Structures are given as structure tokens and as C-alpha cells.
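Worksheet for the structure shown next.
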Amino acid sequence: MKKKYNQGSAMVYVLAVMAVIVVLCLSLLLLSYSLFASSLNYEDQEQCQILATSLSNELQDELENGGRSWRIPYDGEWVDKGQKIYSFDEKNNKVEDTEATGLVTFITQNIWTEGWPYYSEDEDDKKHNKKNATRQLQFDSGKIENEKFRQMAAGLTIEMYWYNDAGDYDSGEAKKKNYTALIITVNCDNGKNSSTITRAYELNYNESLSKPDQGYEIWSWSLTDTGEEVGGQ
């Protein structure tokens, strides 16, 4: 009788030990999965930051045009949207064959127009508040072959607004275009992962080379502030 009792106790003990082992194994499995998921999430976050940085760098290259300027067709009052914008070599006073990208064309044709109001910190001026002054562009990810990057790039957006430190918005005085600041923010939003990069540029109007009365102006853009880079999960 005592022997059978001991056998029953031993069985309970073995089951208890096995239960503890199972719990420990499950805990280790959950810990491993958690670490694995975290590593994947970290990788996604890093890729999101890379995408935002790469796009922001590309936009900077397009605007700055390798240190060269842009020859802007001008109809006497506004930028002539019916003509193309080409790169301009100020040193040799020569128009080059390089045509402006879609982004540069969009900015040039719309900035300093009534269709794209400047930003003002005056909260009472609803027309020029941040919402009305901001223009948003969606990145076209359709040409990216890698499916994962294509899905992540689908969350890329470009936001931009402009203002003028001189505070004089008379478009008739072209030289006032100097001191114009353009703020461009690139956002990468992919589920729990996000990355934001903001950079500021200044418009430089070359008054000596610009000939508004002859139908063109010479503009260039330069980076003035790398801004803030924000990323999170």
C-alpha cells in the first residue's frame, strides 16, 4: 500500500516538473518570438528612415541642380507655364540642355502665385495658415520592383510650404523673390514605423542676369537648414 502511494506521489512530482519545463519552454519561445519580431520591426524602421532620407536627398539634388541655376520662362508677370525650364550656367551665361524635373517645375510654376498662398504665422489670416499654405505630393512607388520596398514606399509623402522673410509679397517686384524660404518635409509612414525629415531652402534671384522684359528670369535654390529628422515606432 505504501509502495503504491509513493508511486502516485512520484507521478505527481514528475507531472509538476514537466509542467514547469513546458512553461519555461513556452516562455523562452515567446521571448524568442518577441525578440525576432522586434528585430524585424527595427529593420522596417531602419528601412523607413533610409527611404525618407534617400528621397529627401534626391529632392535636394534636383533643386540645387549641382550648384547651377534655372532659366525660368517669364511672361512679364508670372512664370510662363507653356514653356520648359532648363538648367542655366551663370558663369558662362549659357542655357544648358538639362530640363527641370517634375518637382522643380511644379515648385517654380506655382510658388509666388495666387494659386499657392504663402505661409504666415498670423493665426487670424486663414488663407495663409499652415493648412492652406501646404502642398502635398504622393510618391509614385509603382516602378519599384521589390514588393516590400514598394509597399513601404507607398507611404512616402512630400509636404511643402513657402514664405518670405522680407514680408513683401508684391509679385511685380521680382527682386523681392530673394529671401523666399521653401520648407520641404518628407514623411515615411508604414504602420507602426515612421520617419520624418524636414529641410529648408532659399530662393536666390539673380537680378543682373534675369531679363523679365525679355521673357526669362534666373533662379537658384540652396539648402539653408537640414532641419529635424524624426523617427519612431
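Note that the coordinates shown come from a computational prediction; the quantities given were computed from them, not determined experimentally. Worth knowing before you read on, the calculation uses all heavy atoms, side chains too, and leaves out hydrogens, waters and symmetry mates. Residues: numbered from 1 along the sequence shown.
- We find the CD1-CZ distance between Ile158 and Arg135 to be 14.5 Å, quoted to the nearest 0.5 Å.
- With hydrogens and angles disregarded, a donor-acceptor distance shorter than 3.5 Å links the side chain of Asn178 to the backbone of Tyr205.
- Crowding of Gln136 atom CD: a count of heavy atoms from other residues, nucleotides or ligands under 6.0 Å exceeding 12.
- The main-chain N or O of Asn187 is never found under 3.5 Å from a side-chain atom of Thr196 such that the two would form a donor-acceptor pair.
- Using a distance-only test at 3.5 Å, with no hydrogens or angles considered, no donor-acceptor pair links the side chain of Asp61 to the main chain of Glu58.
- Phe106 and Leu55 fall within the same hydrophobic cluster, defined by Ile, Leu, Val, Met, Phe, Trp and Tyr side-chain heavy atoms under 4.5 Å apart, directly or through other members.
- Ser195 approaches Ala52 most closely through the heavy-atom pair OG-CB, 3.9 Å.
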Item to complete: Assess whether side-chain contact (heavy atoms from CB on, under 4.5 Å) is satisfied between Leu103 and Leu59, documenting all intermediate values.
Response: CA-CA 8 Å; Leu103 175 79; Leu59 299 181; 3.3 Å; yes
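- For Asp97, there are no side-chain contact (heavy atoms from CB on, under 4.5 Å) partners, not counting sequence neighbours.
- Inspection of the Ser222 and Asn204 side chains reveals an N or O donor paired with an N or O acceptor under 3.5 Å.
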Worksheet entry | Derivation of the side-chain contact (heavy atoms from CB on, under 4.5 Å) call for Met160 and Leu137 | CA-CA 9 Å; Met160 60 185 78; Leu137 304 176; 3.9 Å; yes
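- Distance OG1/Thr224 to OH/Tyr201: 9.0 Å, rounded to 0.5 Å.
- Interatomic distance, Thr98 OG1 to Phe88 CZ, rounded to the nearest 0.5 Å: 13.5 Å.
- Atom CG of Asn164 and atom CD of Glu202 lie 9.5 Å apart (nearest 0.5 Å).
- With hydrogens and angles ignored, the 3.5 Å screen pairs no side-chain donor or acceptor of Asn132 with any backbone N or O of His128.
- Taking both residues in full, the closest heavy atoms of Cys48 and Asp189 are given as SG-N, 4.3 Å, listed atom of the first, atom of the second, then distance.
- Residues meeting the side-chain contact (heavy atoms from CB on, under 4.5 Å) test with Ala100, sequence neighbours left out: Trp70, Ile85, Val104, Thr105.
- Put simply, the side chain of Leu203 reaches to within 4.5 Å of the side chain of Trp112, judged on heavy atoms.
- The NZ atom of Lys81 lies 5.5 Å from the OG1 atom of Thr113; values are rounded to the nearest 0.5 Å.
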Fill in: Pair Leu209-Asn93, side-chain contact (heavy atoms from CB on, under 4.5 Å): steps then yes or no
CA-CA 8 Å; Leu209 293 179; Asn93 196 13; 3.9 Å; yes
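- Between the Asn65 side chain and the Ser69 main chain, a donor and an acceptor come within less than 3.5 Å of each other.
- We find the CG-CD1 distance between Leu63 and Ile184 to be 5.0 Å, quoted to the nearest 0.5 Å.
- Contact annotation: the side chain of Arg71 approaches that of Ile218 to within less than 4.5 Å [non-hydrogen atoms, C-beta and beyond].
- With sequence neighbours left out, the ring pair (Phe, Tyr, Trp, His ring centres under 6.0 Å) criterion links Tyr161 to Tyr119.
- Residues Asp80 and Gln83 share a closest heavy-atom pair of OD2-NE2, 2.9 Å.
- For Glu96, the salt bridge (charged side-chain N to carboxylate O under 4.0 Å, His left out) partners at least two apart in sequence or on another chain are Arg68.
- Counting only residues at least two apart or on different chains, no salt bridge (charged side-chain N to carboxylate O under 4.0 Å, His left out) pair has a member in residues 85-95.
- Side chain of Trp116 to main chain of Trp162: no donor-acceptor pair is present (N/O by atom type, distance under 3.5 Å, no hydrogens or angles).
- When only modelled atom types and interatomic distance are considered, Thr108 and Trp219 share no side-chain donor-acceptor pair under 3.5 Å.
- Follow the hydrophobic side-chain contacts under 4.5 Å out from Val186 and you reach Leu51 in the same cluster.
- Listed by chain and residue number, nothing satisfies the side chain to side chain donor-acceptor pair (under 3.5 Å) test with Gln214 (two or more places apart in sequence, or in another chain).
- Residues Ile111 and Leu223 share a single hydrophobic cluster, defined by chaining ILVMFWY side chains whose heavy atoms lie under 4.5 Å apart.
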